[in-house]
**Student:** 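Got a structure for you, written out below as C-alpha coordinates; questions coming shortly.
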Number of protein chains: 2
Amino acid sequence: MVLSTIYKRKMDKPQAGDRQQPSAKAEAIVAAAMREFLAHSYAATSMDRVAKAAGLSKATVYSYFENKEELFSTSIERFAKEKYAAVFNPTGDRPWEGEPRVVLRRIVSNFLEMAAGDPQLQDFMRSMMGESKRFPILAQVYVRYIAKPVLETIAGYLASHRSLPIADPEATARIILGSMVYFHLLQEVMHGKDILPMERDRLVNSLVDLVRAPLRTSFK
Amino acid sequence: MVLSTIYKRKMDKPQAGDRQQPSAKAEAIVAAAMREFLAHSYAATSMDRVAKAAGLSKATVYSYFENKEELFSTSIERFAKEKYAAVFNPTGDRPWEGEPRVVLRRIVSNFLEMAAGDPQLQDFMRSMMGESKRFPILAQVYVRYIAKPVLETIAGYLASHRSLPIADPEATARIILGSMVYFHLLQEVMHGKDILPMERDRLVNSLVDLVRAPLRTSFK
DNA sequence: GTCTATACATCGATAGAC
DNA sequence: GTCTATCGATGTATAGAC
(Lines give C-alpha, C1' and ligand atoms only; values in the text may rest on other atoms or scores of the structure.)
Protein backbone atom coordinates (compact mmCIF):
# COMPACT_ATOMS: atom_id res chain seq x y z
CA MET A 1 0.00 0.00 0.00
CA VAL A 2 1.26 3.41 -0.86
CA LEU A 3 1.49 5.60 2.17
CA SER A 4 0.73 8.84 0.43
CA THR A 5 -2.75 7.66 -0.40
CA ILE A 6 -3.88 7.74 3.21
CA TYR A 7 -4.17 11.48 3.45
CA LYS A 8 -6.66 12.55 6.03
CA ARG A 9 -10.22 12.02 4.91
CA LYS A 10 -12.62 14.76 5.81
CA MET A 11 -15.92 13.51 7.19
CA ASP A 12 -18.16 16.16 5.66
CA LYS A 13 -19.06 15.69 2.02
CA PRO A 14 -15.77 14.89 0.33
CA GLN A 15 -15.69 16.59 -3.05
CA ALA A 16 -14.82 14.53 -6.08
CA GLY A 17 -11.36 15.34 -7.34
CA ASP A 18 -9.87 15.95 -3.93
CA ARG A 19 -7.74 12.86 -4.02
CA GLN A 20 -6.18 13.27 -7.42
CA GLN A 21 -5.37 16.94 -6.84
CA PRO A 22 -3.70 17.52 -3.48
CA SER A 23 -3.83 21.20 -2.63
CA ALA A 24 -0.81 23.45 -2.94
CA LYS A 25 -0.96 23.95 0.81
CA ALA A 26 -0.58 20.24 1.44
CA GLU A 27 2.44 20.30 -0.82
CA ALA A 28 3.97 23.14 1.16
CA ILE A 29 3.45 21.21 4.37
CA VAL A 30 5.10 18.11 2.98
CA ALA A 31 8.03 20.12 1.64
CA ALA A 32 8.58 21.83 4.98
CA ALA A 33 8.16 18.60 6.91
CA MET A 34 10.67 16.88 4.65
CA ARG A 35 13.29 19.51 5.40
CA GLU A 36 12.65 19.59 9.13
CA PHE A 37 12.39 15.84 9.67
CA LEU A 38 15.55 15.21 7.69
CA ALA A 39 17.47 17.93 9.49
CA HIS A 40 16.40 17.13 13.06
CA SER A 41 15.03 13.54 13.08
CA TYR A 42 11.51 12.42 13.78
CA ALA A 43 11.46 12.74 17.55
CA ALA A 44 13.28 16.08 17.72
CA THR A 45 10.98 17.73 15.19
CA SER A 46 7.86 19.25 16.71
CA MET A 47 4.68 19.91 14.82
CA ASP A 48 5.00 23.56 15.84
CA ARG A 49 8.29 23.64 14.03
CA VAL A 50 6.86 22.09 10.88
CA ALA A 51 3.92 24.50 10.94
CA LYS A 52 6.20 27.50 11.29
CA ALA A 53 8.47 26.26 8.50
CA ALA A 54 5.44 25.87 6.27
CA GLY A 55 4.16 29.32 7.17
CA LEU A 56 0.92 27.94 8.57
CA SER A 57 -0.66 27.33 11.93
CA LYS A 58 -0.43 23.96 13.60
CA ALA A 59 -4.18 23.50 13.37
CA THR A 60 -4.02 23.88 9.62
CA VAL A 61 -1.34 21.24 9.40
CA TYR A 62 -3.60 18.90 11.35
CA SER A 63 -6.42 19.59 8.93
CA TYR A 64 -4.35 18.09 6.13
CA PHE A 65 -2.65 15.24 7.99
CA GLU A 66 -4.10 12.95 10.59
CA ASN A 67 -1.11 13.02 12.91
CA LYS A 68 2.64 13.33 13.15
CA GLU A 69 3.33 9.77 12.08
CA GLU A 70 1.38 10.09 8.87
CA LEU A 71 3.06 13.37 7.98
CA PHE A 72 6.45 11.84 8.62
CA SER A 73 5.70 8.78 6.54
CA THR A 74 4.33 10.82 3.67
CA SER A 75 7.30 13.19 3.67
CA ILE A 76 10.02 10.59 3.86
CA GLU A 77 8.35 8.38 1.28
CA ARG A 78 8.17 11.35 -1.04
CA PHE A 79 11.83 12.06 -0.53
CA ALA A 80 12.75 8.43 -1.13
CA LYS A 81 11.01 8.39 -4.48
CA GLU A 82 12.41 11.72 -5.61
CA LYS A 83 15.90 10.84 -4.48
CA TYR A 84 15.69 7.49 -6.17
CA ALA A 85 15.52 9.22 -9.50
CA ALA A 86 18.72 11.12 -8.73
CA VAL A 87 20.61 8.02 -7.65
CA PHE A 88 19.25 5.91 -10.40
CA ASN A 89 19.89 8.33 -13.25
CA PRO A 90 23.49 9.33 -12.76
CA THR A 91 24.76 12.51 -14.31
CA GLY A 92 25.91 12.27 -17.90
CA ASP A 93 23.61 11.36 -20.74
CA ARG A 94 24.57 7.76 -21.41
CA PRO A 95 26.03 6.33 -18.21
CA TRP A 96 25.52 2.70 -19.21
CA GLU A 97 27.22 2.85 -22.59
CA GLY A 98 30.80 1.86 -23.29
CA GLU A 99 33.29 -0.74 -22.22
CA PRO A 100 32.18 -2.56 -19.04
CA ARG A 101 35.13 -1.51 -16.90
CA VAL A 102 34.64 2.09 -17.93
CA VAL A 103 30.93 1.92 -17.23
CA LEU A 104 31.41 0.39 -13.80
CA ARG A 105 34.02 2.99 -12.91
CA ARG A 106 31.71 5.77 -13.99
CA ILE A 107 28.72 4.45 -12.04
CA VAL A 108 30.64 3.82 -8.83
CA SER A 109 32.57 7.05 -9.03
CA ASN A 110 29.46 9.12 -9.66
CA PHE A 111 27.60 7.54 -6.76
CA LEU A 112 30.38 8.11 -4.25
CA GLU A 113 30.97 11.67 -5.33
CA MET A 114 27.28 12.50 -5.34
CA ALA A 115 26.66 10.89 -1.95
CA ALA A 116 29.60 12.60 -0.25
CA GLY A 117 28.40 16.00 -1.43
CA ASP A 118 24.77 15.62 -0.43
CA PRO A 119 24.10 16.26 3.28
CA GLN A 120 20.40 15.57 2.79
CA LEU A 121 21.18 12.08 1.61
CA GLN A 122 23.20 11.50 4.74
CA ASP A 123 20.30 12.71 6.87
CA PHE A 124 17.97 10.48 4.90
CA MET A 125 20.07 7.42 5.66
CA ARG A 126 20.12 8.38 9.32
CA SER A 127 16.33 8.66 9.38
CA MET A 128 15.78 5.41 7.52
CA MET A 129 18.05 3.40 9.77
CA GLY A 130 17.15 5.15 12.99
CA GLU A 131 13.40 4.87 12.52
CA SER A 132 13.37 1.44 10.90
CA LYS A 133 12.03 -0.10 14.09
CA ARG A 134 9.21 2.35 14.73
CA PHE A 135 8.43 2.68 11.00
CA PRO A 136 9.22 -0.70 9.43
CA ILE A 137 7.00 -0.02 6.43
CA LEU A 138 8.98 3.12 5.70
CA ALA A 139 12.23 1.19 5.75
CA GLN A 140 10.67 -1.17 3.26
CA VAL A 141 9.87 1.77 1.03
CA TYR A 142 13.60 2.35 0.88
CA VAL A 143 14.23 -1.28 0.07
CA ARG A 144 11.54 -1.38 -2.59
CA TYR A 145 12.05 1.96 -4.32
CA ILE A 146 15.78 2.53 -3.95
CA ALA A 147 17.79 -0.56 -3.12
CA LYS A 148 15.79 -3.01 -5.23
CA PRO A 149 15.82 -1.11 -8.56
CA VAL A 150 19.47 -0.19 -8.17
CA LEU A 151 20.42 -3.78 -7.45
CA GLU A 152 18.34 -5.02 -10.36
CA THR A 153 19.91 -2.52 -12.72
CA ILE A 154 23.44 -3.46 -11.75
CA ALA A 155 22.68 -7.19 -11.82
CA GLY A 156 20.95 -6.85 -15.16
CA TYR A 157 23.92 -5.05 -16.59
CA LEU A 158 26.34 -7.67 -15.33
CA ALA A 159 24.14 -10.50 -16.58
CA SER A 160 23.78 -9.00 -20.05
CA HIS A 161 27.54 -8.85 -20.51
CA ARG A 162 28.31 -12.53 -20.38
CA SER A 163 31.93 -11.98 -21.22
CA LEU A 164 32.47 -10.66 -17.69
CA PRO A 165 33.82 -13.20 -15.19
CA ILE A 166 30.74 -12.92 -12.96
CA ALA A 167 29.32 -16.19 -11.69
CA ASP A 168 26.38 -14.66 -9.77
CA PRO A 169 25.31 -11.22 -11.03
CA GLU A 170 22.77 -10.62 -8.28
CA ALA A 171 25.18 -11.41 -5.49
CA THR A 172 27.86 -9.33 -7.19
CA ALA A 173 25.45 -6.41 -7.40
CA ARG A 174 25.07 -6.71 -3.62
CA ILE A 175 28.83 -6.51 -3.27
CA ILE A 176 29.10 -3.43 -5.45
CA LEU A 177 26.23 -1.51 -3.87
CA GLY A 178 27.11 -2.66 -0.36
CA SER A 179 30.69 -1.49 -0.71
CA MET A 180 29.59 1.91 -1.95
CA VAL A 181 26.90 2.48 0.64
CA TYR A 182 28.98 1.30 3.59
CA PHE A 183 31.86 3.47 2.44
CA HIS A 184 29.47 6.40 2.44
CA LEU A 185 28.06 5.43 5.83
CA LEU A 186 31.49 5.13 7.43
CA GLN A 187 33.10 8.22 5.94
CA GLU A 188 30.22 10.68 6.00
CA VAL A 189 27.27 9.51 8.06
CA MET A 190 29.37 8.13 10.92
CA HIS A 191 31.97 10.89 10.67
CA GLY A 192 34.78 8.42 10.08
CA LYS A 193 36.75 10.11 7.35
CA ASP A 194 39.31 11.63 9.71
CA ILE A 195 39.73 8.36 11.63
CA LEU A 196 39.76 6.05 8.62
CA PRO A 197 40.81 8.18 5.68
CA MET A 198 40.73 6.58 2.27
CA GLU A 199 40.64 8.05 -1.19
CA ARG A 200 37.52 7.22 -3.12
CA ASP A 201 39.55 6.08 -6.10
CA ARG A 202 41.09 3.23 -4.18
CA LEU A 203 37.67 1.73 -3.57
CA VAL A 204 36.68 2.44 -7.16
CA ASN A 205 39.78 0.71 -8.52
CA SER A 206 39.29 -2.38 -6.39
CA LEU A 207 35.62 -2.60 -7.33
CA VAL A 208 36.41 -2.30 -11.01
CA ASP A 209 38.85 -5.13 -10.51
CA LEU A 210 35.88 -7.34 -9.78
CA VAL A 211 35.24 -7.49 -13.51
CA ARG A 212 38.91 -7.58 -14.40
CA ALA A 213 40.11 -9.80 -17.16
CA PRO A 214 41.48 -12.98 -15.62
CA LEU A 215 45.22 -12.91 -15.19
CA ARG A 216 47.32 -15.12 -17.39
CA THR A 217 49.94 -15.90 -14.81
CA SER A 218 49.40 -18.91 -12.67
CA PHE A 219 50.40 -18.91 -9.01
CA LYS A 220 50.05 -20.71 -5.71
CA MET B 1 38.65 11.22 24.92
CA VAL B 2 36.93 8.24 26.43
CA LEU B 3 33.36 9.01 27.25
CA SER B 4 33.09 6.74 30.24
CA THR B 5 35.59 8.85 32.12
CA ILE B 6 33.21 11.77 32.38
CA TYR B 7 31.02 10.25 35.05
CA LYS B 8 29.34 12.86 37.14
CA ARG B 9 31.71 14.52 39.56
CA LYS B 10 30.34 15.12 42.99
CA MET B 11 31.11 18.58 44.31
CA ASP B 12 31.62 17.60 47.92
CA LYS B 13 34.97 16.08 48.75
CA PRO B 14 35.54 13.47 46.05
CA GLN B 15 37.12 10.40 47.62
CA ALA B 16 40.24 8.99 46.05
CA GLY B 17 39.55 5.72 44.31
CA ASP B 18 36.10 6.72 43.13
CA ARG B 19 37.06 6.82 39.49
CA GLN B 20 38.79 3.48 39.23
CA GLN B 21 36.02 1.66 41.07
CA PRO B 22 32.59 2.59 39.79
CA SER B 23 29.95 1.44 42.24
CA ALA B 24 27.84 -1.62 41.61
CA LYS B 25 24.82 0.62 41.45
CA ALA B 26 26.29 2.64 38.61
CA GLU B 27 26.89 -0.62 36.79
CA ALA B 28 23.26 -1.62 37.25
CA ILE B 29 22.14 1.70 35.85
CA VAL B 30 24.35 1.37 32.80
CA ALA B 31 23.19 -2.18 32.18
CA ALA B 32 19.54 -1.19 32.40
CA ALA B 33 20.08 1.89 30.26
CA MET B 34 21.85 -0.18 27.64
CA ARG B 35 18.87 -2.51 27.32
CA GLU B 36 16.28 0.25 27.28
CA PHE B 37 18.10 2.61 24.92
CA LEU B 38 18.80 -0.19 22.47
CA ALA B 39 15.25 -1.47 22.57
CA HIS B 40 13.44 1.86 22.28
CA SER B 41 15.94 4.41 20.92
CA TYR B 42 17.28 7.46 22.66
CA ALA B 43 14.31 9.77 22.32
CA ALA B 44 11.67 7.21 23.17
CA THR B 45 13.41 6.06 26.33
CA SER B 46 12.50 8.09 29.41
CA MET B 47 14.65 8.37 32.48
CA ASP B 48 11.70 7.04 34.46
CA ARG B 49 11.87 3.93 32.37
CA VAL B 50 15.60 3.49 32.92
CA ALA B 51 15.22 4.05 36.64
CA LYS B 52 12.45 1.48 36.88
CA ALA B 53 14.45 -1.03 34.84
CA ALA B 54 17.40 -0.53 37.17
CA GLY B 55 15.21 -0.92 40.25
CA LEU B 56 16.09 2.53 41.51
CA SER B 57 14.49 5.93 41.72
CA LYS B 58 15.06 8.54 39.09
CA ALA B 59 16.80 10.82 41.56
CA THR B 60 19.34 8.12 42.28
CA VAL B 61 20.05 7.72 38.59
CA TYR B 62 20.71 11.45 38.39
CA SER B 63 23.11 11.20 41.31
CA TYR B 64 25.33 8.92 39.24
CA PHE B 65 24.96 10.54 35.82
CA GLU B 66 24.85 14.19 34.95
CA ASN B 67 22.00 13.93 32.48
CA LYS B 68 20.35 11.75 29.89
CA GLU B 69 22.91 12.41 27.18
CA GLU B 70 25.81 11.31 29.33
CA LEU B 71 24.02 8.14 30.40
CA PHE B 72 23.23 7.33 26.79
CA SER B 73 26.78 7.93 25.64
CA THR B 74 28.23 5.87 28.46
CA SER B 75 25.85 2.98 27.85
CA ILE B 76 26.24 2.81 24.09
CA GLU B 77 29.99 3.18 24.27
CA ARG B 78 30.09 0.30 26.71
CA PHE B 79 28.00 -1.83 24.40
CA ALA B 80 30.21 -0.97 21.42
CA LYS B 81 33.34 -2.13 23.19
CA GLU B 82 31.78 -5.31 24.53
CA LYS B 83 30.21 -6.17 21.21
CA TYR B 84 33.44 -5.50 19.40
CA ALA B 85 34.99 -8.44 21.20
CA ALA B 86 32.17 -10.69 19.99
CA VAL B 87 32.43 -9.57 16.37
CA PHE B 88 36.18 -9.56 16.39
CA ASN B 89 36.67 -12.97 17.92
CA PRO B 90 34.45 -15.21 15.85
CA THR B 91 33.35 -18.52 17.26
CA GLY B 92 35.71 -21.40 16.78
CA ASP B 93 39.13 -21.53 18.31
CA ARG B 94 41.34 -20.77 15.33
CA PRO B 95 39.28 -18.80 12.84
CA TRP B 96 42.27 -17.39 10.98
CA GLU B 97 44.06 -20.66 10.33
CA GLY B 98 43.87 -22.65 7.13
CA GLU B 99 43.69 -22.12 3.42
CA PRO B 100 42.78 -18.49 2.56
CA ARG B 101 39.55 -19.29 0.74
CA VAL B 102 38.44 -21.47 3.63
CA VAL B 103 39.34 -18.79 6.14
CA LEU B 104 37.51 -16.07 4.27
CA ARG B 105 34.44 -18.25 3.91
CA ARG B 106 34.46 -19.01 7.62
CA ILE B 107 34.85 -15.36 8.65
CA VAL B 108 32.14 -14.04 6.33
CA SER B 109 29.76 -16.86 7.05
CA ASN B 110 30.14 -16.53 10.81
CA PHE B 111 29.58 -12.80 10.70
CA LEU B 112 26.40 -13.00 8.63
CA GLU B 113 24.95 -15.80 10.72
CA MET B 114 25.80 -14.10 13.99
CA ALA B 115 24.43 -10.73 12.86
CA ALA B 116 21.15 -12.14 11.57
CA GLY B 117 20.51 -13.89 14.87
CA ASP B 118 21.28 -10.97 17.14
CA PRO B 119 18.42 -8.48 17.51
CA GLN B 120 20.48 -6.34 19.87
CA LEU B 121 23.10 -5.84 17.17
CA GLN B 122 20.37 -4.66 14.81
CA ASP B 123 19.15 -2.20 17.43
CA PHE B 124 22.69 -1.05 17.98
CA MET B 125 23.14 -0.26 14.30
CA ARG B 126 19.86 1.63 14.33
CA SER B 127 21.01 3.71 17.29
CA MET B 128 24.45 4.39 15.86
CA MET B 129 23.12 5.55 12.52
CA GLY B 130 20.06 7.31 13.82
CA GLU B 131 21.89 9.29 16.50
CA SER B 132 25.06 9.94 14.52
CA LYS B 133 24.07 13.56 14.00
CA ARG B 134 23.18 14.39 17.59
CA PHE B 135 26.03 12.24 18.96
CA PRO B 136 28.84 12.42 16.40
CA ILE B 137 31.47 11.39 18.96
CA LEU B 138 29.51 8.23 19.65
CA ALA B 139 29.42 7.35 15.98
CA GLN B 140 33.17 7.78 15.96
CA VAL B 141 33.42 5.33 18.83
CA TYR B 142 31.87 2.79 16.48
CA VAL B 143 34.35 3.70 13.75
CA ARG B 144 37.31 3.55 16.07
CA TYR B 145 36.49 0.50 18.15
CA ILE B 146 34.57 -1.70 15.74
CA ALA B 147 35.01 -0.80 12.08
CA LYS B 148 38.69 0.16 12.28
CA PRO B 149 40.05 -2.95 14.00
CA VAL B 150 37.93 -5.25 11.86
CA LEU B 151 39.13 -3.56 8.67
CA GLU B 152 42.72 -3.67 9.85
CA THR B 153 42.47 -7.35 10.69
CA ILE B 154 41.04 -8.27 7.30
CA ALA B 155 43.48 -6.04 5.43
CA GLY B 156 46.38 -7.41 7.45
CA TYR B 157 45.35 -10.94 6.66
CA LEU B 158 45.06 -10.22 2.95
CA ALA B 159 48.38 -8.37 2.91
CA SER B 160 50.21 -11.18 4.68
CA HIS B 161 49.14 -13.69 2.06
CA ARG B 162 50.86 -12.25 -0.93
CA SER B 163 49.88 -15.15 -3.13
CA LEU B 164 46.34 -13.78 -3.19
CA PRO B 165 45.45 -11.67 -6.24
CA ILE B 166 44.74 -8.59 -4.13
CA ALA B 167 46.16 -5.32 -5.41
CA ASP B 168 44.92 -3.15 -2.52
CA PRO B 169 44.27 -5.06 0.72
CA GLU B 170 42.80 -2.08 2.58
CA ALA B 171 40.32 -1.24 -0.15
CA THR B 172 39.44 -4.92 -0.50
CA ALA B 173 38.79 -5.11 3.22
CA ARG B 174 36.30 -2.27 2.74
CA ILE B 175 34.59 -4.29 0.04
CA ILE B 176 34.34 -7.39 2.19
CA LEU B 177 33.11 -5.66 5.33
CA GLY B 178 30.85 -3.30 3.39
CA SER B 179 29.17 -6.15 1.56
CA MET B 180 28.53 -8.00 4.80
CA VAL B 181 27.24 -5.03 6.77
CA TYR B 182 25.00 -3.72 4.00
CA PHE B 183 23.58 -7.17 3.48
CA HIS B 184 22.77 -7.24 7.16
CA LEU B 185 21.31 -3.74 7.05
CA LEU B 186 19.08 -4.51 4.08
CA GLN B 187 17.84 -7.92 5.14
CA GLU B 188 17.41 -7.45 8.88
CA VAL B 189 17.61 -3.83 9.98
CA MET B 190 15.54 -2.48 7.09
CA HIS B 191 13.22 -5.48 7.01
CA GLY B 192 14.07 -6.27 3.40
CA LYS B 193 14.42 -10.03 3.47
CA ASP B 194 10.89 -10.67 2.21
CA ILE B 195 11.20 -8.06 -0.54
CA LEU B 196 14.74 -8.91 -1.62
CA PRO B 197 15.30 -12.50 -0.54
CA MET B 198 18.78 -13.89 -1.01
CA GLU B 199 20.51 -16.84 0.55
CA ARG B 200 23.54 -15.89 2.60
CA ASP B 201 25.67 -18.47 0.81
CA ARG B 202 25.34 -16.68 -2.51
CA LEU B 203 26.96 -13.59 -1.05
CA VAL B 204 29.55 -15.73 0.69
CA ASN B 205 30.45 -17.54 -2.52
CA SER B 206 30.81 -14.34 -4.50
CA LEU B 207 32.94 -12.75 -1.81
CA VAL B 208 35.21 -15.77 -1.61
CA ASP B 209 35.60 -15.46 -5.36
CA LEU B 210 37.38 -12.17 -4.72
CA VAL B 211 40.44 -14.19 -3.77
CA ARG B 212 39.86 -16.81 -6.43
CA ALA B 213 42.74 -18.22 -8.35
CA PRO B 214 42.91 -16.48 -11.72
CA LEU B 215 41.19 -18.40 -14.46
CA ARG B 216 43.33 -19.99 -17.13
CA THR B 217 40.90 -19.42 -19.97
CA SER B 218 41.21 -16.22 -21.88
CA PHE B 219 38.19 -14.38 -23.23
CA LYS B 220 36.90 -11.18 -24.70
C1' DG C 1 22.46 8.06 49.80
C1' DT C 2 17.97 7.11 48.39
C1' DC C 3 13.34 8.16 47.95
C1' DT C 4 8.81 10.93 47.12
C1' DA C 5 6.88 14.80 45.37
C1' DT C 6 7.01 18.38 42.41
C1' DA C 7 8.64 22.27 39.50
C1' DC C 8 9.08 23.55 34.84
C1' DA C 9 9.05 22.92 29.96
C1' DT C 10 7.50 20.85 25.72
C1' DC C 11 4.77 18.39 22.75
C1' DG C 12 0.74 16.32 20.24
C1' DA C 13 -3.69 17.29 19.39
C1' DT C 14 -8.16 19.97 19.60
C1' DA C 15 -11.95 23.37 20.69
C1' DG C 16 -13.89 27.40 19.39
C1' DA C 17 -13.64 32.18 17.41
C1' DC C 18 -13.71 34.41 13.02
C1' DG D 1 -10.62 27.07 6.14
C1' DT D 2 -7.42 29.15 9.07
C1' DC D 3 -6.20 31.02 13.24
C1' DT D 4 -5.42 31.65 18.55
C1' DA D 5 -5.61 29.66 22.81
C1' DT D 6 -5.48 25.83 25.51
C1' DC D 7 -5.83 21.04 27.34
C1' DG D 8 -3.78 16.83 28.91
C1' DA D 9 0.02 13.96 28.90
C1' DT D 10 4.74 13.21 29.29
C1' DG D 11 9.50 14.15 30.10
C1' DT D 12 13.84 16.15 32.28
C1' DA D 13 15.64 17.51 36.28
C1' DT D 14 15.65 18.87 41.22
C1' DA D 15 14.26 20.14 46.06
C1' DG D 16 13.59 18.41 50.35
C1' DA D 17 12.23 14.64 53.58
C1' DC D 18 14.23 10.65 55.79
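The figures here come from the full heavy-atom set of this structure, side chains too, leaving out hydrogens, waters and symmetry mates. What you are looking at is a predicted structure, and each value in this text was computed from that prediction instead of being measured. Here is the naming used below: chain letters follow the sequence lines, and residue numbers restart at 1 for every chain.
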**Student:** Taking only residues two or more places apart in sequence, or in another chain, which ones meet A/E36 in a salt bridge (Lys or Arg N to Asp or Glu O under 4.0 Å)?
**Tutor:**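 So A/E36 forms a salt bridge (Lys or Arg N to Asp or Glu O under 4.0 Å) with A/R49.
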**Student:** With sequence neighbours excluded, what pairs up with A/R202 under the salt bridge (Lys or Arg N to Asp or Glu O under 4.0 Å) test?
**Tutor:**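 Once residues adjacent in sequence are excluded, the partners of A/R202 under the salt bridge (Lys or Arg N to Asp or Glu O under 4.0 Å) criterion are B/D168, B/E170.
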**Student:** Compare side-chain N and O positions of A/T60 against OP1 and OP2 of D/dG1 and report whether any pair is under 4.0 Å apart.
**Tutor:**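 No, A/T60 has no side-chain N/O under 4.0 Å of OP1/OP2 on D/dG1.
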**Student:** Return the set of residues passing ring pair (Phe, Tyr, Trp, His ring centres under 6.0 Å) with B/F124 (not counting sequence neighbours), or none when no residue passes.
**Tutor:** B/F79
**Student:** Restricting both atoms to N or O, compile the protein contacts to nucleotides 9-12 of chain C shorter than 3.5 Å, with distance only.
**Tutor:**
| from | atom 1 | to | atom 2 | distance (Å) |
| --- | --- | --- | --- | --- |
| C/dG12 | OP1 | A/T45 | O | 3.4 |
| C/dG12 | OP1 | A/K68 | NZ | 2.6 |
| C/dG12 | OP2 | A/M47 | N | 2.7 |
| C/dG12 | N7 | A/K58 | NZ | 3.2 |

**Student:** Who are the salt bridge (Lys or Arg N to Asp or Glu O under 4.0 Å) partners of A/E113, not counting sequence neighbours?
**Tutor:** none
**Student:** Name all residues meeting the side chain to side chain donor-acceptor pair (under 3.5 Å) criterion together with A/S57; count only those two or more places apart in sequence or in a different chain, and write none if there are none.
**Tutor:**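 Checked A/S57 against side chain to side chain donor-acceptor pair (under 3.5 Å); matches are A/T60.
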**Student:** Expressed in angstrom and rounded to an integer, what is the separation of B/H40 atom NE2 from D/dT10 atom P?
**Tutor:**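 Result: 16 Å.
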**Student:** Is the positively charged end of B/K68 above the ring of B/Y42, judged by distance under 6.0 angstrom from the centroid and angle within 45° of the axis?
**Tutor:** yes
**Student:** Hey, could you give me each pair passing salt bridge (Lys or Arg N to Asp or Glu O under 4.0 Å) that has a residue in residues 174-192 of chain A? Not counting sequence neighbours.
**Tutor:** A/E188-A/K193
**Student:** Which whole-number value in Å describes the distance from B/F72 CZ to D/dT12 P?
**Tutor:**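 So the two atoms are 13 Å apart, to the nearest Å.
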**Student:** Restricting both atoms to N or O, compile the protein contacts to nucleotides 16-18 of chain C shorter than 3.5 Å, with distance only.
**Tutor:**
none

**Student:** Between C/dA13 atom C1' and A/L71 atom CG, what is the distance in whole Å?
**Tutor:** 14 Å
**Student:** With sequence neighbours excluded, what pairs up with B/A43 under the side-chain contact (heavy atoms from CB on, under 4.5 Å) test?
**Tutor:**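 Here the qualifying residues are A/A43.
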